[in-house]
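A note on names: the letters A, B, ... follow the listed sequences, proteins ahead of strands, and every chain is numbered from 1.
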Amino acid sequence: MIYIVLSGLSGIAVIVNVAVNGIVASRIGTIRGVGITFFTGTIAAGALLLLKGETLAAGDITSVAIRFAAMAGILGIATTFIFNGLVQRIAAFKMVLLRFIGQIGVSILLDYWLFDLFSLGKCLGGICLMTGLMLFTRQNGSGEETHSNA
Amino acid sequence: MKYVHLSWFNGMLIGVMLLLSGLASEVFGPYKGTFYFHLAGFTAVCVIFLFFRKSDLNQSTATVAKRYAPWFILPGIVNVCITYTNSIVVPRIGLTVALAAAMLGQLIMSGMMSQYGLLGTPKQAFDKRRLLGIAIIALGLWLMVRF
């Protein structure tokens, strides 16, 4: 249960971050904004490492896991730039809906493929998620689009 | 149409990114995994900056005096918290449940921000339809965890 609550809290933090990043990007440009985010992130994560007494080992460079971390970092940048590029070109509700469909679809597949975590509950839950999301992001009767930062 | 495809593809990339950072943290531990994630991201931005220095993406609109503020460090710190949380959560409850719970959190927060127009978001009432949407998503999350 605690991990589900933590995930929910990280979702809340994502929205705050998207909004603040938007303000930062409008002031100094997207590339500099993302650069500052990842620079301060690296410093903060490094400080955490020091506080916890962990050290970087030379063997980390040759580890397979470093490739996972590097790919994740690069994908983090790529998704941020794609998101920023799409914001002005596609309706917000459509973008949120499609992005979540992609996320949930690939996560169900990866859970099944890598961790053998497939279940009927996950599929039914996924359908509920999409239904709820469609309701949440649906256009108003007046034709005004529902905006969301998710 | 290509933007529609790019939207769901972007979502898929986010799913893969969370999985990879989770796997890296399984080996390195969440602290080191989070550090390497940000270091790789920062290196990638530096490369992009070198290639797209003259691009629109790199143009600032604010005056020099207003350009930088101390609170600009906030997204980086929050990003560390998010990555760290994902690193410890994804290997334990799986990607789907973690993403579903994060989705619920995102929608509740975006709804609240729209309700009060926080951080420059357009104001929009948190009506019954949105509340019903969140209730259905919560039901979906429960189904995922329970069965």
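- Heavy atoms closer than 4.5 Å to chain B are found in the side chain of A:Ile77, but not in its backbone.
- B:Ile134 approaches A:Phe136 most closely through the heavy-atom pair CD1-CE1, 3.6 Å.
- If you measure heavy-atom distances from A:Leu114 to chain B, the contacts under 4.5 Å come from the side chain alone.
- The minimum heavy-atom distance linking B:Ile93 with A:Ser7 is given by the pair CD1-OG, 4.0 Å.
- The neighbour count for A:Met71 CE, taken as heavy atoms of other residues, nucleotides or ligands under 6.0 Å away, does not exceed 12.
- Taken to the nearest 0.5 Å, the CD1 atom of B:Ile137 stands 9.5 Å off from the SG atom of A:Cys128.
- Only the side chain of B:Leu19 comes within contact range of chain A, with heavy atoms under 4.5 Å apart.
- For the side-chain contact (heavy atoms from CB on, under 4.5 Å) test, residues two or more places apart in sequence or in another chain that qualify with A:Ile23 are B:Trp71, B:Leu119.
- Side-chain heavy-atom separations under 4.5 angstrom define the hydrophobic clusters, and the remaining members of the one that includes B:Ile136 are A:Leu135, B:Leu132.
- Of the possible polar contacts, one joining the A:Asp111 side chain to the B:Thr96 backbone as a donor-acceptor pair under 3.5 Å is found.
- Counting heavy-atom pairs closer than 4.5 Å to chain A, the top residue among B:Ile73, B:Leu141, B:Ile14, B:Val145 is B:Ile14.
- Considering only heavy-atom pairs separated by less than 4.5 Å from chain A, the leading option among B:Gly29, B:Ala44, B:Pro75, B:Ala24 is B:Pro75.
- Within the 4.5 angstrom heavy-atom criterion, atoms from both the backbone and the side chain of B:Ser21 approach chain A.
- A:Lys122 touches chain B through backbone and side chain together, each having a heavy atom under 4.5 Å away.
- Heavy-atom distances place the side chain of B:Arg92, and not its backbone, under 4.5 Å from chain A.
- Annotation: maximal heavy-atom pairing with chain A below 4.5 Å, among B:Val47, B:Val27, B:Val78, occurs at B:Val78.
- Counting heavy-atom pairs closer than 4.5 Å to chain A, the top-ranked of the candidates B:Ala98, B:Ala40, B:Ala102 is B:Ala102.
- Only the backbone of A:Thr55 comes within less than 4.5 Å of a heavy atom of chain B; no side-chain atom from C-beta onward does.
- Chain B forms more heavy-atom pairs under 4.5 Å with one residue of A:Leu109, A:Ile2, A:Ile104, A:Ile101 than with any other, namely A:Ile104.
- Residues B:Leu107 and A:Leu133 form a side-chain contact, since some pair of their non-hydrogen atoms from C-beta on lies under 4.5 Å apart.
- Heavy-atom distances place both the backbone and the side chain of A:Ile108 under 4.5 Å from chain B.
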